[in-house]
Number of protein chains: 2
Amino acid sequence: MNLINLSESAYLAMHSLALIARSQPKRLTVKHLAEELDASQAHLAKVFQTLHKAGYVESVRGPAGGFVLKKPADDISFLDIYETMEGPANMGHCPFGKTKCAFHNCIFTKDIHRISSDIYQTYKKIKLSDF
Amino acid sequence: MNLINLSESAYLAMHSLALIARSQPKRLTVKHLAEELDASQAHLAKVFQTLHKAGYVESVRGPAGGFVLKKPADDISFLDIYETMEGPANMGHCPFGKTKCAFHNCIFTKDIHRISSDIYQTYKKIKLSDF
DNA sequence: CTTATTTAGGCATTATAGTACCTAAATATA
DNA sequence: TATATTTAGGTACTATAATGCCTAAATAAG
């Protein structure tokens, strides 16, 4: 079991966009990306539907089509991609979503919050252009 | 979406054991714990089956029964409980379980590994007796 | 105009975690 | 001994995320 919460979708999204960013011209098809990342084409297609809706890529249909980056690579952080794929990052409060705790000063709170903040800042710092 | 991977089961396990540890005598029923933690009795019972198999508690059936801690509270870390409930913590390697990466020096590796180690050490440091 | 390529999107399937239920076994108490 | 309490463990149900499949729409190229 992973200590951190990271889905295949987030992995595919980040790596695909990085591959597009460093390609010339900056446009790649889902088929090509699926082969390069050794991933399911169907799943990757779904990921790109989400990325498209979120405005990170422009789509070009037909032969010689594919997906194009819509923003500069250093304007896109992994945090952006993560939240696009997995939903908003849940910081603060009880990591278990409890409103009331049987423990006055639940020992989890402080540590978990520190770790969450660390992850948040790290994801924010990682830019597409770093790849 | 939580940045960290933590299930309700791990929450219930850790908090229940802490409640038993600070009770006098050190024995509580599932029914009592479920009320105190405002949790599902059925779910908590399942959690205790796992804890029992793993050797953390002794069971006492019948009236005035319940579960008793089998080890000293400062010998039980949250890491122990976490791994009992969720399976072994997956450190090192690619956080996505990939064996080959399209990127020579995947930028994730270093950061993710640092964070995972941090979480691991933190869970290890948190003892039942700290509550 | 026809064909091949490629994205769009809905729907179906699968996997997994979480939750609930039911019966058996044990045991203290009356 | 009878009864109520409580754990044991199997099974089944539910929710959700992950994944896969199929058809439609768009478009470049011949």
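Throughout, protein chains are lettered first and strands after them, A, B, ... in sequence-line order, and every chain is numbered starting at 1.
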| said: Pair A/Lys127, A/Asp75 - check salt bridge (Lys or Arg N to Asp or Glu O under 4.0 Å), show working. | reply: CA-CA 7 Å; A/Lys127 307 288 184 186; A/Asp75 277 7; over 6 Å; no

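- A/Glu8 has its CD atom 10 Å from the P atom of D/dA18, to the nearest Å.
- A straight line from NZ of B/Lys46 to C1' of C/dA17 spans 13 Å, rounded to a whole angstrom.
- For B/His52, a side-chain nitrogen or oxygen approaches OP1 or OP2 of D/dA8 to under 4.0 Å.
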| Going through the checks in order, is the side-chain hydrogen bond (donor to acceptor under 3.5 Å, both in side chains) test met by A/Ser7 and A/Glu86? | CA-CA 8 Å; A/Ser7 72; A/Glu86 322 246 7; 2.7 Å; yes

Please list, pair by pair, any protein nitrogen or oxygen found under 3.5 Å from a nitrogen or oxygen in nucleotides 1-6 of chain C.
unit_1: C/dT6; atom_1: O4'; unit_2: A/Gly62; atom_2: O; d: 3.3

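- In this structure, the CD atom of A/Glu86 is 16 Å from the P atom of D/dT16, given to the nearest Å.
- One finds no side-chain N or O of B/Ser9 lying less than 4.0 angstrom from the OP1 or OP2 phosphate oxygen of C/dA17.
- A/Glu58 has its CD atom 11 Å from the P atom of D/dT27, to the nearest Å.
- A straight line from CG of A/Asn2 to C1' of C/dT16 spans 15 Å, rounded to a whole angstrom.
- A pairwise comparison of heavy atoms in B/Leu3 and A/Ser116 identifies CD1-O, 3.5 Å as the closest pair.
- The shortest distance between the side-chain N/O atoms of B/Ser59 and the OP1/OP2 oxygens of D/dA8 is below 4.0 Å.
- Rounded to whole Å, atom P of C/dT7 lies 12 Å from atom NE2 of A/His32.
- In this structure, the ring-ring contact (aromatic ring centres under 6.0 Å, His included) partners of A/Tyr82, at least two apart in sequence or on a different chain, are A/Tyr123.
- When distances are taken from the side chain of B/Gln49 to each of D/dG20, C/dG9, D/dA8, the shortest belongs to D/dA8.
- Between the CG atom of B/Leu37 and the P atom of C/dG18 there is a distance of 16 Å, given to the nearest Å.
- Judged by distance alone, with hydrogens and angles left aside, the side-chain atoms of A/Arg27 form a donor-acceptor pair with the main-chain N or O of A/Ala64 at under 3.5 Å.
- Here B/Arg114 pairs with A/Asp118 in a salt bridge; the nearest charged N to carboxylate O distance falls below 4.0 Å.
- If you take CZ of B/Phe48 and P of D/dG10, they are 19 Å apart, rounded to a whole angstrom.
- Separation of the A/His15 and A/Tyr11 ring centroids falls under the 6.0 Å cut-off.
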